[in-house]
Colleague: 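Provided herewith is a single structure, encoded as C-alpha coordinates, for subsequent inquiry.
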Amino acid sequence: MPTAPNWTFLESLSPTEQAVDYWHSCQHLAAAHARNPRWFETYRDILRHDGVEKVIRALRYLHDTAHRAGKVERELAFFRKNRKRMRYRALKDKRLAIGSGVVEAANKMLITQRMKRSGMRWRIPGGQAVLTFRALIKSGRFESAWEAMFNAAHRRPPQMTTTAP
(Lines give C-alpha, C1' and ligand atoms only; values in the text may rest on other atoms or scores of the structure.)
Protein backbone atom coordinates (compact mmCIF):
# COMPACT_ATOMS: atom_id res chain seq x y z
CA MET A 1 0.00 0.00 0.00
CA PRO A 2 1.30 3.49 -0.78
CA THR A 3 1.85 5.92 2.06
CA ALA A 4 -1.01 8.35 2.65
CA PRO A 5 -0.23 11.98 1.69
CA ASN A 6 -0.55 13.19 5.28
CA TRP A 7 2.15 10.75 6.47
CA THR A 8 4.42 11.82 3.60
CA PHE A 9 3.99 15.46 4.61
CA LEU A 10 4.54 14.72 8.30
CA GLU A 11 7.65 12.70 7.50
CA SER A 12 9.13 15.72 5.74
CA LEU A 13 8.67 17.69 8.99
CA SER A 14 9.78 15.11 11.54
CA PRO A 15 10.69 11.60 10.42
CA THR A 16 11.31 10.33 13.97
CA GLU A 17 8.28 11.56 15.92
CA GLN A 18 5.27 10.27 14.00
CA ALA A 19 2.55 8.38 15.83
CA VAL A 20 -0.78 6.82 15.04
CA ASP A 21 -3.24 8.07 17.64
CA TYR A 22 -3.20 5.46 20.43
CA TRP A 23 -7.00 5.38 20.70
CA HIS A 24 -7.30 4.91 16.93
CA SER A 25 -4.95 1.93 17.21
CA CYS A 26 -7.11 0.59 20.04
CA GLN A 27 -10.16 0.74 17.77
CA HIS A 28 -8.32 -1.44 15.27
CA LEU A 29 -7.28 -3.80 18.04
CA ALA A 30 -10.88 -4.10 19.27
CA ALA A 31 -12.10 -4.79 15.72
CA ALA A 32 -9.70 -7.72 15.44
CA HIS A 33 -11.27 -9.65 18.31
CA ALA A 34 -14.52 -7.91 19.23
CA ARG A 35 -15.99 -10.98 20.92
CA ASN A 36 -13.46 -11.03 23.74
CA PRO A 37 -13.21 -7.79 25.78
CA ARG A 38 -10.61 -9.30 28.13
CA TRP A 39 -8.31 -10.06 25.17
CA PHE A 40 -8.71 -6.48 23.99
CA GLU A 41 -7.90 -5.00 27.41
CA THR A 42 -4.81 -7.18 27.76
CA TYR A 43 -3.40 -6.29 24.35
CA ARG A 44 -4.38 -2.64 24.64
CA ASP A 45 -2.10 -2.42 27.68
CA ILE A 46 0.60 -4.43 25.94
CA LEU A 47 0.44 -2.05 22.97
CA ARG A 48 0.88 0.94 25.25
CA HIS A 49 3.66 -0.42 27.46
CA ASP A 50 5.47 -3.33 25.83
CA GLY A 51 5.18 -2.62 22.17
CA VAL A 52 3.49 -3.33 18.93
CA GLU A 53 5.59 -6.41 18.08
CA LYS A 54 3.84 -8.46 20.79
CA VAL A 55 0.48 -7.29 19.46
CA ILE A 56 1.44 -8.30 15.92
CA ARG A 57 2.48 -11.77 17.16
CA ALA A 58 -0.86 -12.14 18.97
CA LEU A 59 -2.77 -11.04 15.86
CA ARG A 60 -0.80 -13.53 13.73
CA TYR A 61 -1.75 -16.30 16.13
CA LEU A 62 -5.36 -15.12 16.19
CA HIS A 63 -5.38 -15.04 12.38
CA ASP A 64 -4.15 -18.62 12.20
CA THR A 65 -6.83 -19.85 14.63
CA ALA A 66 -9.79 -17.54 13.92
CA HIS A 67 -12.95 -18.37 12.03
CA ARG A 68 -13.18 -14.78 10.76
CA ALA A 69 -9.59 -14.55 9.54
CA GLY A 70 -10.37 -11.86 6.95
CA LYS A 71 -11.17 -9.26 9.58
CA VAL A 72 -8.11 -10.17 11.63
CA GLU A 73 -5.97 -10.04 8.48
CA ARG A 74 -7.07 -6.45 7.76
CA GLU A 75 -6.20 -5.36 11.28
CA LEU A 76 -2.91 -7.24 11.20
CA ALA A 77 -2.02 -5.38 8.00
CA PHE A 78 -2.83 -2.07 9.74
CA PHE A 79 -0.49 -2.86 12.64
CA ARG A 80 2.29 -4.09 10.37
CA LYS A 81 2.08 -1.03 8.15
CA ASN A 82 2.10 1.40 11.08
CA ARG A 83 4.40 -0.42 13.53
CA LYS A 84 7.05 2.33 13.40
CA ARG A 85 4.33 4.87 14.35
CA MET A 86 3.23 2.89 17.42
CA ARG A 87 6.20 3.38 19.73
CA TYR A 88 3.92 4.58 22.52
CA ARG A 89 6.21 3.81 25.43
CA ALA A 90 9.14 5.68 23.84
CA LEU A 91 6.89 8.64 23.08
CA LYS A 92 5.53 8.69 26.64
CA ASP A 93 9.09 8.48 27.99
CA LYS A 94 9.85 11.64 25.99
CA ARG A 95 6.68 13.20 27.44
CA LEU A 96 5.03 13.38 24.01
CA ALA A 97 1.31 12.88 23.49
CA ILE A 98 0.21 9.51 22.14
CA GLY A 99 -3.39 10.60 21.57
CA SER A 100 -4.96 13.33 19.49
CA GLY A 101 -7.06 14.81 22.31
CA VAL A 102 -4.96 17.99 22.52
CA VAL A 103 -5.37 18.65 18.79
CA GLU A 104 -9.09 17.90 18.91
CA ALA A 105 -9.53 20.24 21.88
CA ALA A 106 -7.64 22.98 20.04
CA ASN A 107 -9.86 22.42 17.01
CA LYS A 108 -12.93 22.79 19.19
CA MET A 109 -11.67 25.98 20.81
CA LEU A 110 -10.24 27.58 17.69
CA ILE A 111 -12.74 26.59 15.05
CA THR A 112 -15.95 25.06 16.30
CA GLN A 113 -16.78 27.65 18.95
CA ARG A 114 -16.08 30.52 16.55
CA MET A 115 -17.73 29.16 13.42
CA LYS A 116 -20.86 27.58 14.89
CA ARG A 117 -22.29 30.32 17.03
CA SER A 118 -26.03 30.79 16.96
CA GLY A 119 -27.29 32.31 13.71
CA MET A 120 -23.92 32.33 11.95
CA ARG A 121 -23.61 31.33 8.34
CA TRP A 122 -20.25 31.28 6.58
CA ARG A 123 -19.11 30.87 3.04
CA ILE A 124 -15.63 29.47 2.50
CA PRO A 125 -13.78 32.79 1.82
CA GLY A 126 -15.32 34.58 4.82
CA GLY A 127 -14.90 31.62 7.15
CA GLN A 128 -11.29 31.15 6.05
CA ALA A 129 -10.55 34.83 6.69
CA VAL A 130 -11.98 34.64 10.22
CA LEU A 131 -10.13 31.41 10.99
CA THR A 132 -6.84 32.76 9.65
CA PHE A 133 -7.03 35.83 11.88
CA ARG A 134 -8.17 33.78 14.87
CA ALA A 135 -5.29 31.33 14.41
CA LEU A 136 -2.81 34.20 14.20
CA ILE A 137 -4.21 35.81 17.35
CA LYS A 138 -4.32 32.57 19.36
CA SER A 139 -0.78 31.61 18.31
CA GLY A 140 0.65 35.01 19.23
CA ARG A 141 1.75 35.70 15.65
CA PHE A 142 -0.82 38.33 14.71
CA GLU A 143 1.48 41.38 14.97
CA SER A 144 4.24 39.94 12.79
CA ALA A 145 1.72 38.64 10.24
CA TRP A 146 -0.07 41.99 10.13
CA GLU A 147 3.23 43.78 9.56
CA ALA A 148 4.14 41.39 6.75
CA MET A 149 0.73 41.85 5.08
CA PHE A 150 0.95 45.64 5.44
CA ASN A 151 4.44 45.75 3.92
CA ALA A 152 3.39 43.52 1.04
CA ALA A 153 0.30 45.63 0.33
CA HIS A 154 2.20 48.94 0.35
CA ARG A 155 5.19 48.01 -1.75
CA ARG A 156 5.37 49.98 -4.88
CA PRO A 157 6.31 48.26 -8.09
CA PRO A 158 9.75 49.18 -9.35
CA GLN A 159 9.88 52.38 -11.40
CA MET A 160 10.21 51.70 -15.08
CA THR A 161 12.33 54.05 -17.05
CA THR A 162 11.81 54.50 -20.70
CA THR A 163 14.25 56.00 -23.05
CA ALA A 164 13.30 57.76 -26.20
CA PRO A 165 14.39 56.04 -29.37
Colleague: Any side-chain to backbone donor/acceptor pair from Tyr88 onto Ala19? Under 3.5 Å, distance only.
Modeller: no
Colleague: State the OH-CG distance between Tyr61 and Leu76, to the nearest 0.5 angstrom.
Modeller: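 The distance works out to 15.0 Å.
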Colleague: Kindly give the heavy-atom pair with the smallest separation between Arg48 and Lys92, and that separation in Å.
Modeller: NH2-CE, 3.7 Å
Colleague: Can you tell me if CZ on Arg44 sees more than 12 non-hydrogen neighbours from other groups inside 6.0 Å?
Modeller: yes
Colleague: Could you state the interatomic distance from CZ (Arg123) to CD (Gln128), rounded to the nearest 0.5 Å?
Modeller: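 It is 16.0 Å, given to the nearest 0.5 Å.
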Colleague: In terms of the angle between their ring planes, are His28 and His24 parallel, tilted or perpendicular, with boundaries placed at 30° and 60°?
Modeller: perpendicular
Colleague: Working to the nearest 0.5 Å, report the span between CH2 of Trp23 and CG of Leu29.
Modeller: 11.5 Å
Colleague: Ignoring hydrogens, what is the shortest heavy-atom contact between Leu62 and Ala32? Give both atom names and the distance.
Modeller: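 Scanning both residues, the minimum pair turns out to be CD2-O, 3.9 Å.
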Colleague: Of all heavy-atom pairs between Glu75 and Ala31, which one has the smallest distance, and what is that distance?
Modeller: OE2-CB, 3.7 Å
Colleague: Look at the side-chain heavy atoms of Ile, Leu, Val, Met, Phe, Trp and Tyr, link any pair under 4.5 Å apart, and say whether Ile137 and Val130 land in one connected group.
Modeller: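 No, it is not one cluster - the side chains of Ile137 and Val130 are not joined through contacts under 4.5 Å.
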Colleague: Within a radius of less than 6.0 Å around CH2 of Trp146, do more than 12 heavy atoms belonging to other residues, nucleotides or ligands occur?
Modeller: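 It does not: Trp146 CH2 has 12 such atoms or fewer within range.
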Colleague: Distance check, rounded to the nearest 0.5 Å: Asn36 atom CG versus Glu41 atom CD?
Modeller: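 Here the interatomic distance stands at 9.0 Å.
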Colleague: May I have the step-by-step check of side chain to side chain contact (heavy atoms under 4.5 Å, CB included) for His49 and Lys54, ending in yes or no?
Modeller: CA-CA 10 Å; His49 299 291; Lys54 288 183 180 181; over 6 Å; no
Colleague: Report the C-alpha distance between Phe78 and Met86 in whole Å, list the side-chain angles of each, state the deciding distance to 0.1 Å, and finish with yes or no for side chain to side chain contact (heavy atoms under 4.5 Å, CB included).
Modeller: CA-CA 11 Å; Phe78 171 80; Met86 294 181 182; 3.4 Å; yes
Colleague: Roughly how far, to the nearest 0.5 Å, is CZ of Phe79 from CD of Glu53?
Modeller: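 Going from the CD atom of Glu53 to the CZ atom of Phe79 covers 11.5 Å.
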Colleague: Output the distance between atom CG (Asn82) and atom CD1 (Ile56), rounded to the nearest 0.5 Å.
Modeller: 9.5 Å
Colleague: Between Ser144 and Arg141, what is the shortest heavy-atom contact and its length?
Modeller: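 Closest approach of Ser144 to Arg141: OG-O, 3.2 Å.
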Colleague: If you compare all heavy atoms of Trp39 against all heavy atoms of Ala58, which two are closest, and at what distance to 0.1 Å?
Modeller: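 For Trp39 and Ala58, the tightest heavy-atom pair comes out as CZ2-CB, 4.3 Å.
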